[in-house]
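Notes follow the structure.
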Amino acid sequence: MKTVRGFASATVGNVACGFDVLGFAITEPGDEVILTLHEERKSDCPVSITAISGDGGALPLDPRKNTSSFVVLKFLEYIRTSKGIDFRGHIDLELKKNLPLSSGMGSSAASAAAALAAANELLDQPCSKMELVHFAVEGERVACGSAHADNAAPAILGNFVLIRSYSPLDLITIPSPEHLFCTLVHPHTELKTSFARSVLPRSIPLKTATQQWGNVGALIAGLLKSDYDLIGRALVDVVAEPKRAPLIPGFLDVKHAAIDSGALGCSIAGSGPSVFAFSSSKETAERVGEAMKQAFLLPKTNLRSDMWVSPICKEGAKVL
Ligand code: HSE
């Protein structure tokens, strides 16, 4: 019997202007997946879920429907067809969910990435991290009906990840400026990604697209040049944020509170309801977080929230 614990942290998709093409990982919080290898196959499915904690009973125990086990099944199928490794044993999976569901914090991607890091280690690393991203992206389709990669890719690879192309998947990791800190605030309410995607326009005017891709390019340049002012100027989303802001109680107050407290910029984390801000020092990021929390508590919104301040995570999913 061999046991491996995988860990992957929260991620922020979109990063304001980069809808579905840009995301980054923070260092904590994250999900943990414990895999135990048995010599003998226990059922017709090579993976069983033995326990899930921290989800309030919301996640499926069926290994073909749960994201963390589904991606391990995809991984096993791939190593059999592409690497000639025919796994005949059995894997028990325990999921410790620390990330809230439907939060915009890349919860499903973290579970998938943690499971894949553990599975790869359990079977002596047949796959590269780039290969693992493919299965994690497929897991997103199971979790929310859309195979977006802007949480899955940074959950596995760490850093910022730009998705240049989905078909074929072409990913570019971008290191973070040394003093860039993320404040992530999660109000105690849920917003399903599938619903937050349904409110988006099917097409956008050319003028809107021009603004958006100008900001994406500028944000990448700002990250590569450690130009904090440019990063702040580029954190503008004219595509998703205007449609999704009304779905997040108090969003505009929270955003104004972040900017007034010295944040470089602020926007919706992934599909929300969490909100993130960037700052150029830890002290500012903490002050910004307190102001964002207070804004969520204003009487018209009155939402309690959790807050994390973190640098950008450099390593991605790992084995503990
Ligand atoms: N890019 C995805 C979306 C991220 O905005 O729907 C989901 O966290």
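Note that ligands are numbered from 1 as they come in the structure, with each ligand's atoms numbered from 1 the same way. Computed over heavy atoms, backbone and side chain alike; hydrogens, waters and symmetry mates excluded.
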Tell me who clusters with L297, hydrophobic residues only, linked when side chains sit under 4.5 Å apart either directly or through other members.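 None; L297 is a cluster of one.
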
Is a salt bridge present between [X] and [Y], judged by a nitrogen-to-oxygen distance below 4.0 Å?
X: R233; Y: D227; result: no
X: D237; Y: R244; result: no
X: R141; Y: E138; result: yes

Which protein residues have a heavy atom closer than 4.0 Å to any atom of ligand 1, listed by chain and number?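 Ligand 1 is contacted, at a heavy-atom distance under 4.0 Å, by N14, F19, D20, H148, D150, N151, T193, R197, R244, G270, S271.
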
What residues, two or more places apart in sequence or in another chain, satisfy side-chain hydrogen bond (donor to acceptor under 3.5 Å, both in side chains) together with Q294?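 Applying side-chain hydrogen bond (donor to acceptor under 3.5 Å, both in side chains) to Q294 gives none.
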
Taking side-chain hydrogen bond (donor to acceptor under 3.5 Å, both in side chains) as the test, write out the residues that go with D229, two or more places apart.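 For D229 there are no side-chain hydrogen bond (donor to acceptor under 3.5 Å, both in side chains) partners, ignoring immediate neighbours.
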
